[in-house]
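All remarks here apply to the structure that follows.
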Number of protein chains: 4
Amino acid sequence: MRLMPPSSADEPAAVLLSVREEQRLMTRRRIVQAARRVFEDRGYGQASIGDITKAAKVNRATFYLHFANKAAVFNEVYAEVRQHQTGRYWAMLDEGLTAGTEAALRGVLDRALAWWEEQAALLPAIHEAMASDLEVAARWKDQLDELAGELRGYLGQFPEEERDARRLRVQLMVMQLDQLCFRTIVQKVFVIERDVLLDLVCDLWLDSLQLRRGSDPS
Amino acid sequence: MRLMPPSSADEPAAVLLSVREEQRLMTRRRIVQAARRVFEDRGYGQASIGDITKAAKVNRATFYLHFANKAAVFNEVYAEVRQHQTGRYWAMLDEGLTAGTEAALRGVLDRALAWWEEQAALLPAIHEAMASDLEVAARWKDQLDELAGELRGYLGQFPEEERDARRLRVQLMVMQLDQLCFRTIVQKVFVIERDVLLDLVCDLWLDSLQLRRGSDPS
Amino acid sequence: MRLMPPSSADEPAAVLLSVREEQRLMTRRRIVQAARRVFEDRGYGQASIGDITKAAKVNRATFYLHFANKAAVFNEVYAEVRQHQTGRYWAMLDEGLTAGTEAALRGVLDRALAWWEEQAALLPAIHEAMASDLEVAARWKDQLDELAGELRGYLGQFPEEERDARRLRVQLMVMQLDQLCFRTIVQKVFVIERDVLLDLVCDLWLDSLQLRRGSDPS
Amino acid sequence: MRLMPPSSADEPAAVLLSVREEQRLMTRRRIVQAARRVFEDRGYGQASIGDITKAAKVNRATFYLHFANKAAVFNEVYAEVRQHQTGRYWAMLDEGLTAGTEAALRGVLDRALAWWEEQAALLPAIHEAMASDLEVAARWKDQLDELAGELRGYLGQFPEEERDARRLRVQLMVMQLDQLCFRTIVQKVFVIERDVLLDLVCDLWLDSLQLRRGSDPS
DNA sequence: CATGAATGAGGTTTCATTCAT
DNA sequence: AATGAATGAAACCTCATTCAT
């Protein structure tokens, strides 16, 4: 599609992009950022492309130069969120589970809740998109699978034949946490204080994953 | 106003309705049933009122005579699903948990999966509506709370002060099951065989709810 | 249309009407009165039959039992207004013109303004109907012609051959007064104080109808 | 933004418009002209936007690109009519009144009648709109006020303190003429031959405005 | 590359009107 | 005589999308 990129683009960090290319990326960026704001304000279904282009101060037709449709921008917005999360989050979870102590687990879960609190604005849109758009749901599953890949420390503790079941369990617990956070933090349809919530979840994980309780003794 | 109904009308329960009333209810019923079909086919967001009235072979204006908008019919469709579920399902769950044996629990969860399999067609719409419509989400929460009310047998086993936490745990496990079923049975984004799924969930519940494992009697 | 009115109806005042007939008239009356209120509130075009039946607390279908359409009720409402006006108003005008003095004329015009002020609420609807409905416009012309019939005193002063032109002139002046009142009193698009308005019109009539000015001497 | 227009664009009056602009104006023009035809055929209230776009062979959405609603196009149509009238008409009236002779006045009024005859088709819509839409009524008042501004010749004949009253009188006579023309020429609810009408009006104006009758010289 | 203009396809809603009761 | 239910037509409006510039 690009005809004359004078040299290799997208390798390291600060390659020289042609002026055009740079403008193009900037516009794309503007659209993505505007889209995020719009999705936060209006959710997924209610957000129209008109809303997005208006927010980005870009012509509606320009949008179609960069994205095929609403789902496409949404995926880009969502990808950013996931990128931000994935690296740290999962690795941390592995550490916490490997340590296996209540304190470690609590730390991890506390961070998870914090992440939810930060992202609260965008999450209704994400849930909506996930419920209505199979493609988005598939991405979410990918993420759960990435998680599986990161659990090397934790899974290493178990004999080969148990690992699949263990991995699945953790995935289920994460899924449950997701739901819970969504209903309590985002939708507020479930009303529990943060501390109580944290205690509850922590206890539940300890039992469900059969981790040693409380005092990690000698 | 009614001149001639020679004897008591409208007392007990399944009384003679006036002809008018009956026709009216039939039309309403047709709309609700058609709506269900449409929601099953197209999900919530993509379903238009035109689709529904076309399916019900009823004039568009007639729809508005019975319902204020799409959300209103949806609520009626959803209410039917819940009614169908609630009575049996929760009571059964209470029994299973009270028995506390793996076999009993497995039986219950098997029934739950069966329910999900039956309802699979409508569930995408339900999830969509729940994600985008706070009111529908609130109904879902109500249902979880009804559940709590039915757990008399199970909760009775615990001392007063533990009950709240226990109740919450069960609710969380149900929530998790919901999610899991949705992703595996409905969206099929998670691929697990039914047996494996059942084993997994059963084990997880036993641990999470700290029920006695396997053979109880002997 | 009436099958069994036991005796002549509509002659004097208190003929015995059959019960049905009486109910019928009452309903009709309710509709007309409600219609008037609605026309006053919303004008002619914006008033819907639904508005009227809602205001009359009568079923929409009932409306069609009494009137063919909106124009039909409007005509009945309008007829009442005209009835109320015609008798006094025109006779008075004849007297004023016959007297021919400024004082007399001023009295008449003052009453005319008062009438406009009273009717202000309904007039926008009347004007609207008159502009869009030829039939209503025809009624208005009828009224102007009735006026002509009442001017016996005034026209009697002139020789036979002049009378037509004189009559026409008066009609034109009334028409002008109508317009003026509508713009000033009802639409308030023309802003003049009442006194100034009265002076102006009075002077204009004196000139236009060539009446003797001011002091009616000897 | 325009890079290459080598020399001055858009200065004087009938400049080169960009191709885009020109196309846009053409479309707008088509809509306005079609609207006029539709208003002539169906009046104001009965004319729908669908009628207009069908007549213009333009998509309904295109309409909304150019106008906010029916009232907006109507105002543009009406503005054209007024533009066409204003310049000549009022100036002519001033001349006629300044001359003050019956012949001159008759000439003016004859032209006025001719204007009404030309515009007859659109006038029902105009009256309708004026009756139901206060904004349109306000424009009509503006026009009467413009008239006032043009009467320099005529008003100059009177002492300062009389001018206001004189101006108002002329305005009233114009208003009356409007009404009369509407009822006779457009609605034909008043039936008078053109000559008789002209005589009548002419005489009436002479008296009302106290102009010298008939023979001017001597 | 970006844009203004135009389109077509729907969607929701409101009305006037007619039947069967 | 009065009504509740149903209808069909149409109105208005909004969106996603595509051209020509």
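Labels below follow one simple rule: chain letters A, B, ... track the order of the sequence lines, proteins then strands, and each chain is numbered from 1. Every heavy atom of this structure was used, including side-chain atoms; hydrogens, water molecules and symmetry mates were not.
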Fill in the blank from the handout: When D51(D) and A61(D) are each assigned the nearest nucleotide of DNA chain F, the 5'-most assignment goes to D51(D)
Handout entry: Atom-pair distance (CG on N59(D); C1' on dA16(F)), nearest Å
Key = 13 Å
Exercise for the section: Check every strand shown and say whether L65(B) touches a base, only sugar-phosphate, or nothing at a heavy-atom separation below 4.0 Å. Expected result: base
Fill in the blank from the handout: Of F63(C) and G50(A), the one whose nearest nucleotide on DNA chain F sits closer to the 5' end is F63(C)
Practice task
Report which part of the nucleic acid T62(B) touches: base, sugar-phosphate, or nothing (heavy-atom distance under 4.0 Å, all strands).
Solution key: base
Exercise for the section: From the options R36(C), R37(C), R42(C), select the one residue that forms a side chain to side chain donor-acceptor pair (under 3.5 Å) with E40(C). Expected result: R36(C)
Problem - Over all atoms of both residues, closest heavy-atom pair of I31(C) and A56(C) - result: CA-CB, 4.1 Å
Practice task
Mind calculating the distance between CZ (R30(B)) and C1' (dT7(F)) to the nearest angstrom?
Solution key: 13 Å
Problem - Ionic contact status for E80(C) with R29(C), cut-off 4.0 Å - result: yes
Handout entry: Nearest-Å distance for atom pair CZ/C1', residues R28(A) and dA2(E)
Key = 15 Å
Fill in the blank from the handout: Looking only at dA2(E), dC12(F), dT17(F), the nucleotide nearest the S48(D) side chain is dC12(F)
Fill in the blank from the handout: Looking only at dA16(E), dT21(F), dT12(E), the nucleotide nearest the Q23(D) side chain is dT21(F)
Practice task
Would you kindly give the NZ-to-P distance between K54(A) and dA16(F), to the nearest whole Å?
Solution key: 10 Å
Exercise for the section: Measure the distance from CD on Q46(B) to C1' on dA16(F) and round it to the nearest whole Å. Expected result: 12 Å
Exercise for the section: Looking only at side-chain atoms of H66(D), point me to the closest of dA6(E), dT7(E), dT7(F). Expected result: dA6(E)
Exercise for the section: For K70(C) and I49(C), indicate whether the former's side chain and the latter's backbone hold a donor-acceptor pair under 3.5 Å. Expected result: no
Exercise for the section: Send over the distance from E21(B) CD to dT21(E) C1', rounded to a whole Å. Expected result: 13 Å
Exercise for the section: Treat a base pair as Watson-Crick or G-U wobble with both distances under 3.5 Å, then lay out DNA chain F in dot-bracket form, 5' to 3', with | for cross-strand pairs. Expected result: .||||||||||||||||||||
Problem - Side-chain heavy atoms of S132(C) within contact of Y44(D), under 4.5 Å - result: no
Problem - N/O (side chain, T27(B)) to phosphate O (OP1/OP2, dA5(F)) under 4.0 Å - result: no
Completion exercise
On DNA chain E, more 5' by nearest nucleotide between M26(D) and K70(B) is M26(D)
Exercise for the section: List in chain and number order the residues that pass side-chain contact (heavy atoms from CB on, under 4.5 Å) with Q23(D), two or more places apart in sequence or in another chain; answer none if no residue qualifies. Expected result: V19(D)
Handout entry: Spacing of R24(C) atom CZ relative to dT3(F) atom C1', expressed in whole Å
Key = 16 Å
Practice task
Give a yes or no on whether a donor-acceptor pair under 3.5 Å exists between the nucleobase atoms of dT17(E), that is its base, and the side chain of R60(C).
Solution key: yes
Practice task
Could you tell me the separation between the CD atom of E22(B) and the P atom of dA5(F), rounded to a whole number of Å?
Solution key: 13 Å
Exercise for the section: With sequence neighbours left out, write down each residue that passes side chain to side chain donor-acceptor pair (under 3.5 Å) with R60(D), or none if nothing qualifies. Expected result: none
Handout entry: Donor-acceptor pair, side chain of D51(C) and main chain of S48(C), under 3.5 angstrom
Key = yes
